[in-house]
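Structure first, commentary second.
Given the structure is predicted, the values throughout are model-derived calculations rather than measurements.
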Amino acid sequence: MIAQSYVTLGNNKQALAFALTALNEDNQDTDTLRLVAESLLALGNFDEAARYYDQVLEINPKDGKTAFDRGLVAMVLTEPFDDYFEKARELDPGYFKKQQEKLEGIEKLLNSQRQQDED
């Protein structure tokens, strides 16, 4: 709960510290694992965020929100991501629809960066 409060305040480093401490108590708690992943994502630690999102999906493969977020991380890491988004669309169509705008913005940014790299 303290970690979530720090996320709300935008202090992802503190949130991460408290969430990792909470994982010592229960390393299978999907809410805490997701909070760690979200904090790592916000801090730009994409590889580590992917690892924690994967743990959530191993425990709860029907978590559409996590599938979507894992797809975002895969996209940033230039890994295959379509399966994550398809899974998210099937499992949580409402969340997927809300996040499509975010997805489109990220795709535009990545395409722009790829274009600059090619030039």
Side-chain angles (χ1 to χ4, degrees):
M1 188 179 284
I2 294 172
Q4 186 61 51
S5 297
Y6 278 111
V7 167
T8 303
L9 295 172
N11 190 337
N12 292 298
K13 287 182 182 180
Q14 284 295 115
L16 180 60
F18 278 98
L20 288 171
T21 301
L23 279 181
N24 288 330
E25 296 294 317
D26 181 3
N27 66 1
Q28 298 293 303
D29 181 69
T30 56
D31 290 334
T32 305
L33 288 165
R34 188 179 311 107
L35 188 58
V36 170
E38 290 169 356
S39 297
L40 289 166
L41 178 61
L43 293 169
N45 296 322
F46 304 114
D47 289 318
E48 290 182 62
R51 194 179 73 183
Y52 283 94
Y53 282 129
D54 288 342
Q55 287 179 23
V56 173
L57 291 171
E58 285 176 24
I59 296 167
N60 182 9
K62 296 189 181 219
D63 186 333
K65 181 182 184 310
T66 298
F68 185 90
D69 292 343
R70 179 59 177 94
L72 289 177
V73 171
M75 183 182 281
V76 170
L77 294 174
T78 65
E79 299 173 349
F81 54 84
D82 289 330
D83 289 347
Y84 292 112
F85 291 134
E86 185 58 38
K87 187 176 186 178
R89 184 184 333 217
E90 291 171 12
L91 295 171
D92 195 340
Y95 182 78
F96 183 84
K97 186 173 182 174
K98 282 193 244 178
Q99 297 301 316
Q100 271 184 312
E101 187 174 307
K102 181 191 293 186
L103 176 62
E104 290 168 3
I106 290 171
E107 282 181 313
K108 286 178 185 175
L109 175 66
L110 291 175
N111 287 335
S112 174
Q113 287 177 344
R114 287 184 191 124
Q115 284 266 324
Q116 288 177 356
D117 290 344
E118 290 174 4
D119 293 340

Reported [atom1]-to-[atom2] distance for the pair [X] and [Y], which is rounded to 0.5 angstrom:
| X | Y | atom1 | atom2 | result |
| --- | --- | --- | --- | --- |
| K65 | N60 | NZ | CG | 13.0 Å |
| L35 | L40 | CG | CG | 9.5 Å |
| I59 | T66 | CD1 | OG1 | 10.0 Å |
| L57 | K87 | CG | NZ | 5.0 Å |
| Q55 | T32 | CD | OG1 | 11.5 Å |
| L33 | Y53 | CG | OH | 11.5 Å |

> Any idea how Y95 and F68 line up, ring-wise: parallel (<30°), tilted (30 to 60°), or perpendicular (>60°)?
Replying inline: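 Ring orientation, 0 to 90° scale: perpendicular.
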> If two hydrophobic side chains count as joined below 4.5 Å and joins carry through other members, does L43 share a cluster with V56?
Replying inline: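 As far as the 4.5 Å side-chain criterion goes, V56 and L43 are connected within one cluster.
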Please report the shortest heavy-atom distance between [X] and [Y], naming the atom on each side.
| X | Y | answer |
| --- | --- | --- |
| G64 | A88 | O-CB, 3.4 Å |
| L91 | D63 | CD1-N, 4.0 Å |
| Y84 | G71 | CB-CA, 3.5 Å |
| P80 | A74 | O-CB, 3.6 Å |

> Around atom CG of D26, are there more than 12 heavy atoms of other residues, nucleotides or ligands at under 6.0 Å?
Replying inline: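 Counting other residues, nucleotides and ligands, CG of D26 exceeds 12 neighbours.
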Side chains of [X] and [Y] in contact at under 4.5 Å (non-hydrogen atoms):
| X | Y | answer |
| --- | --- | --- |
| P93 | K97 | no |
| L72 | F85 | yes |
| Y52 | L41 | no |

>> Between the side chains of E86 and R89, is the shortest nitrogen-to-carboxylate-oxygen separation below 4.0 Å, so that they form an ion pair?
In response: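 Salt bridge flag = yes for E86 with R89.
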> Using 4.0 Å as the upper bound for N to carboxylate O, is an ion pair formed by D54 and R51?
Replying inline: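 No salt bridge links R51 with D54.
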